[in-house]
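Below is one structure; the comments refer to it alone.
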Amino acid sequence: MSKFDKIRPYYDAEVNDAIRASINHPMMKALVDFAYPNTEESVWKEQLLRTHSIRDFQINFAYHAIKKILEKSSDGLTTSGFEKLEPNTSYFFISNHRDIILDTSLLNVCLHEHGLVMTASAIGDNLVKKDFLLMLSKLNRNFLVQRNLSPRELLESSKLLSEYMYRLVSKENRSVWIAQREGRTKDGNDATHSGVLKMIAMASDENNNNMDFFKKIKIVPVSISYEYDPTDALKIPQLMAEANDEIYTKEKNEDFITLLSGIIGQKKRIHIHVGDVLDAELDAISEETTNSNKQMLALTQVIDDSILQSYKIWPTNFIAYDILNQTTTYSDCYTEKEKQLFERRLELRINADDIKMKESFLAMYANPVLNKLKYQ
């Protein structure tokens, strides 16, 4: 038994048994039929049964499934910055987080196509309560972030998670992905939470400067931008509850519905940018202060600056800004047809007569414009 067994993905030696145990699950058939619509069941089952490693599963099945999702529910994926990364090198990717599954899946598609090390990726255990989803996440090299713990349990879980991620990067030459905050961004304001960085640094030797530790794991900020958020309407109830100072309680199966909507919902164009490996920035923080809390706050700002500066602003963002502020400031950044399509989307997905709801929906798309303005 390994102390990481509660959170780790499958070892390669466990992959085939997991596949055999779930090959007749109706969701497996649905997934493969989606990725390989013209392939006989006996053919894909035979190929799956010959799969004996996570890499085989990712390259032969998951990669093609994500490409099919892009083909059916987007107008394409563009990238920038990947040429700066070195092959056979592990990195610690910290990104904004908009979609439960696609953020990491799309990043791994890009890493694979650029001949780079793919990631082991964090996922909340609340999202994989169903046995089949847990199996699928472990096949895709997800490791679990345990949720809903007591303070003491949370501390122990955080230490374990930190140690596991450090082991992946430093001992196994495996890149790691983690979101800049717990949970997805709902309002369009991407911001790094210092608590995430403090958790990552728990694996550091306490005698060392945390900034030296962050240099060692090679932090790379990542910006992920969707022209349409496929789960925009699903985020509104929580935003409305927060606006009214109410406690938001999720509906049964809400996470699963959101997960599915992110996969099949229309995204239009998508862009992923990987920033520079943080290095000189960490030296500057060390020189500026030795106070650990101040260092962490400074690092959150460095990561935010990288993510927000590189965030791709789409016509939908400019349209939402102009509608929300009743201006034509950015009218040269979109066409009348694009505006009509966006307004139609808004009317179909929410009650546009509810002023607060409409403002929340528009702000979700408009806030990235405001964030970008800070860097111009």
Side-chain angles (χ1 to χ4, degrees), residues 70-81 95-99 102-103 106 180 184-192 221-240 242-243 261-262 264-275 301 304-376:
L70 284 171
E71 181 186 313
K72 289 188 173 185
S73 68
S74 82
D75 290 346
L77 168 65
T78 53
T79 64
S80 53
S95 84
N96 63 325
H97 188 24
R98 298 300 181 86
D99 186 85
L102 283 185
D103 292 351
L106 295 176
Q180 65 182 167
R184 294 167 300 132
T185 302
K186 310 293 193 304
D187 61 3
N189 283 317
D190 298 309
T192 306
V222 179
S223 305
I224 304 176
S225 320
Y226 298 90
E227 189 167 9
Y228 276 169
D229 182 337
T231 60
D232 48 16
L234 298 175
K235 293 174 179 177
I236 292 298
Q238 184 171 346
L239 289 172
M240 295 299 293
E242 290 169 357
S261 299
I264 64 176
Q266 178 55 238
K267 292 160 273 290
K268 293 197 78 178
R269 289 171 290 185
I270 308 163
H271 187 78
I272 298 181
H273 174 84
V274 295
Q301 190 61 58
D304 285 351
D305 289 348
S306 176
I307 289 174
L308 296 174
Q309 286 182 68
S310 304
Y311 189 92
K312 176 81 172 176
I313 303 296
W314 300 107
T316 48
N317 303 117
F318 291 121
I319 293 164
Y321 179 93
D322 277 355
I323 297 173
L324 184 64
N325 294 285
Q326 299 181 332
T327 72
T328 56
T329 303
Y330 294 107
S331 59
D332 59 338
C333 298
Y334 54 84
T335 65
E336 190 58 34
K337 183 180 179 181
E338 285 172 328
K339 184 179 181 183
Q340 288 171 0
L341 285 171
F342 182 79
E343 289 176 322
R344 179 67 175 151
R345 178 183 179 85
L346 185 152
E347 289 165 4
L348 288 172
R349 293 176 76 82
I350 65 164
N351 175 12
D353 293 329
D354 186 320
I355 302 301
K356 266 193 172 182
M357 188 177 289
K358 183 177 179 180
E359 286 179 351
S360 290
F361 187 93
L362 290 170
M364 188 189 304
Y365 283 93
N367 282 335
V369 178
L370 293 171
N371 292 331
K372 193 83 168 182
L373 286 173
K374 299 172 189 174
Y375 300 97
Q376 292 177 351

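Model, not experiment: these values are computed from the prediction.
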Q. What salt bridge (Lys or Arg N to Asp or Glu O under 4.0 Å) pairs are there with at least one residue in residues 346-368, not counting sequence neighbours?
A. Asp232-Arg349
Heavy-atom side-chain proximity of [X] to [Y] below 4.5 angstrom:
X: Ile323; Y: Glu343; value: yes
X: Tyr226; Y: Asp103; value: yes
X: Lys372; Y: Leu308; value: no
X: Ser225; Y: Ile270; value: no
X: Arg269; Y: Pro315; value: yes

Q) Does Arg184 have any salt bridge (charged side-chain N to carboxylate O under 4.0 Å, His left out) partners at least two apart in sequence or in another chain, and if so, which? A) none
Q: Quick one: list whatever passes salt bridge (charged side-chain N to carboxylate O under 4.0 Å, His left out) with Lys186, sequence neighbours left out.
A: none
Could you tell me which residues satisfy side-chain hydrogen bond (donor to acceptor under 3.5 Å, both in side chains) with [X], sequence neighbours excluded, listed by chain and number?
X: Ser331; value: none
X: Gln340; value: none
X: Ser73; value: Lys267
X: Tyr334; value: Asp322

Looking only at heavy atoms, which two atoms of [X] and [Y] are closest? And how far apart?
X: Gly262; Y: Leu102; answer: O-CD1, 3.2 Å
X: Ser306; Y: Gly275; answer: OG-CA, 4.2 Å
X: Ile236; Y: Met364; answer: CD1-CE, 3.8 Å
X: Ser74; Y: Gly76; answer: OG-N, 3.1 Å
X: Ser261; Y: Pro230; answer: O-CB, 3.6 Å
X: Ala320; Y: Leu362; answer: CB-O, 3.5 Å

Q: Start with the C-alpha distance between Asp229 and Lys235, add both sets of side-chain angles, then the distance that settles salt bridge (Lys or Arg N to Asp or Glu O under 4.0 Å), and finish with yes or no.
A: CA-CA 10 Å; Asp229 182 337; Lys235 293 174 179 177; 2.5 Å; yes
Q. What do the steps show when you test Val274 against Thr79 for side chain to side chain contact (heavy atoms under 4.5 Å, CB included), and what is the final call?
A. CA-CA 8 Å; Val274 295; Thr79 64; over 6 Å; no
Nearest-0.5 Å distance that lies between atom [atom1] in [X] and atom [atom2] in [Y]:
X: Ile319; Y: Leu346; atom1: CD1; atom2: CG; value: 11.0 Å
X: Thr316; Y: Arg345; atom1: OG1; atom2: CZ; value: 9.0 Å
X: Met240; Y: Ile350; atom1: CE; atom2: CD1; value: 9.0 Å
X: Gln238; Y: Ser360; atom1: CD; atom2: OG; value: 11.5 Å

Q: Under the side chain to side chain contact (heavy atoms under 4.5 Å, CB included) rule, what do Thr78 and Ile272 come out as? Steps first, then yes or no, please.
A: CA-CA 7 Å; Thr78 53; Ile272 298 181; over 6 Å; no
Q: For Tyr365, enumerate each residue passing the ring pair (Phe, Tyr, Trp, His ring centres under 6.0 Å) test, keeping only those at least two apart in sequence or located in another chain.
A: Phe342, Phe361
Q: Could I get the full list of ring pair (Phe, Tyr, Trp, His ring centres under 6.0 Å) partners for His271, not counting sequence neighbours?
A: none
So does [Y] get a backbone contact from the side chain of [X], meaning a donor-acceptor N/O pair under 3.5 Å?
X: Lys72; Y: Ile264; result: no
X: Glu227; Y: Trp314; result: no
X: Thr185; Y: Asp187; result: no

Contacts of type side-chain contact (heavy atoms from CB on, under 4.5 Å), residue [X], not counting sequence neighbours:
X: Ser95; result: Trp177, Val222, Ile224
X: Leu370; result: Tyr321, Asn367, Leu373
X: Leu341; result: Tyr228, Lys337

Q.
Any donor-acceptor pair under 3.5 Å linking the side-chain atoms of His273 with those of Ser223?
A. no
Q.
Under the side chain to side chain donor-acceptor pair (under 3.5 Å) test against Asn371, which residue among Asp304, Asn317, Asn189, Asp190 passes?
A. Asn189
